[in-house]
Q: 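Mind having a look at this structure? Questions to follow.
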2 protein chains.
Amino acid sequence: MTSTDDPAGTTPPLRPTRQRRAVTEVLESFTDFRSAQEIHELLGERGETVGLATVYRTLQRLSEAGDVDVLRTEDGEAIYRRCSDSHHHHLVCRSCGATVEVEGPAVERWTRAIAAEHGYADVSHTLEIFGTCARCS
Amino acid sequence: MTSTDDPAGTTPPLRPTRQRRAVTEVLESFTDFRSAQEIHELLGERGETVGLATVYRTLQRLSEAGDVDVLRTEDGEAIYRRCSDSHHHHLVCRSCGATVEVEGPAVERWTRAIAAEHGYADVSHTLEIFGTCARCS
DNA sequence: CGCCGAGTTGACAATGGTTCTCAACCGGGT
DNA sequence: ACCCGGTTGAGAACCATTGTCAACTCGGCG
């Protein structure tokens, strides 16, 4: 739809720079989703100097390449995490934010089936459940 | 966690003004998701003069009240639609954006069950499936 | 019927995440 | 060592969304 195509096959070279390495390394240091700005801070704490713009650009590349998953928080912020950890979803309380991590083989199977049915390959998905927790209702 | 509480019980009165009526009417005129700005334009086309800020505020109230569903586009824009249409999810091609609407009673049941199991009430969820469509792979 | 107070509105400023710009820089093939 | 194109960083630019605040409206009351 945009110009994200790649007639040749793979995207250009992609040079392994200090900054890119730093970002992918930090991505290894946590397993949940973090915003670009948080990642930028983590880099700072590590003593790595990487421009915020670069963090955004790198994260963008990585997500295009399918190396990181991207999600949007309720207020529109983008959050990232490296792909393929124990895959799970979140059950979040709308009013107090309490979160429970849940798994469901059935859903995993279902999404794969649906995707296959429509000819989609290399499937992934995001699923968030919202509700009011016992304490808040 | 935020200040979205309501010690009294229900949110204040909520006056039925021309603007609010206009917004809910426009919401009836389409069944898919539209951005606040698009809704604002639609209002203009209808000859209704409603401030953009008011559209945002109204949409916010409506979503808090559970009268409209909110979603985030991939680039962080919020899109709205009045609730309770045939509930469905999207299967999106990562590379060309081609989208298919899919349904799955099983998932609906599963999310409700999981939520109940953890004591969460008033459940809703978001689910997006990503993959590479036949044409792109 | 006119008056009043709280809820609402609209024009505009302010926010804040994300992207763009562009000159300086760096990696690596020759 | 040299060059060229990909990369970076600082800051400006974007743009959706929210805050501000004086003017306005609804609806109950005297």
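Within every chain, numbering begins at 1; the chains are lettered A, B, ... in the order of the sequence lines, protein sequences first and strands thereafter.
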Q: Which residues pass the salt bridge (charged side-chain N to carboxylate O under 4.0 Å, His left out) test with B/Glu28, not counting sequence neighbours?
A: B/Arg82
Q: To the nearest angstrom, how far is B/Leu59 atom CG from C/dT8 atom C1'?
A: 16 Å
Q: Quick test of your reading: applying salt bridge (Lys or Arg N to Asp or Glu O under 4.0 Å), list the pairs with at least one residue in residues 107-127 of chain A, sequence neighbours left out, ordered by first then second residue.
A: A/Asp122-B/Arg94
Q: List for me each residue that meets salt bridge (charged side-chain N to carboxylate O under 4.0 Å, His left out) alongside A/Glu48, sequence neighbours excluded, and say none if there are none.
A: A/Arg18
Q: List for me each residue that meets side-chain contact (heavy atoms from CB on, under 4.5 Å) alongside B/Glu38, sequence neighbours excluded, and say none if there are none.
A: B/Arg34, B/Ser35
Q: Rounded to whole Å, how long is the line connecting atom CG of B/Leu71 with atom P of D/dT17?
A: 13 Å
Q: If you take any heavy atom closer than 4.0 Å to DNA chain D, which residues from residues 39-48 of chain B end up in contact?
A: none
Q: Taking salt bridge (charged side-chain N to carboxylate O under 4.0 Å, His left out) as the definition, give me every residue that meets it alongside A/Arg46, ordered by chain and number, with sequence neighbours left out.
A: A/Glu25
Q: Sequence neighbours left out, what passes side-chain hydrogen bond (donor to acceptor under 3.5 Å, both in side chains) with A/Glu101? Give chain and number order.
A: A/His88
Q: The criterion is side-chain hydrogen bond (donor to acceptor under 3.5 Å, both in side chains); which residues satisfy it with B/Thr17, sequence neighbours excluded?
A: none
Q: Partners of A/Val70 by side-chain contact (heavy atoms from CB on, under 4.5 Å), sequence neighbours excluded?
A: A/Ser63, A/Ala78, A/Tyr80
Q: Report the residues that fulfil side-chain hydrogen bond (donor to acceptor under 3.5 Å, both in side chains) with A/Arg57, sequence neighbours left out, ordered by chain and then residue number.
A: A/Thr54
Q: Below 3.5 Å between N/O atoms, which protein atoms pair up with nucleotides 27-30 of chain C? Just atom names and distances, please.
A:
unit_1 : atom_1 : unit_2  : atom_2 : d
C/dG27 : N3     : A/Arg15 : NH1    : 3.4

Q: Report yes if at least one side-chain N or O of A/Gln19 is closer than 4.0 Å to OP1 or OP2 of D/dG9; otherwise report no.
A: yes
Q: Assign a letter to each nucleotide of nucleotides 12-19 of chain C from its 5' end: B, base within under 4.0 Å of a protein heavy atom; S, sugar-phosphate only; -, no contact.
A: -----SBB
Q: Quick check: A/His125 with A/His89 (ring centres under 6.0 Å apart)?
A: yes
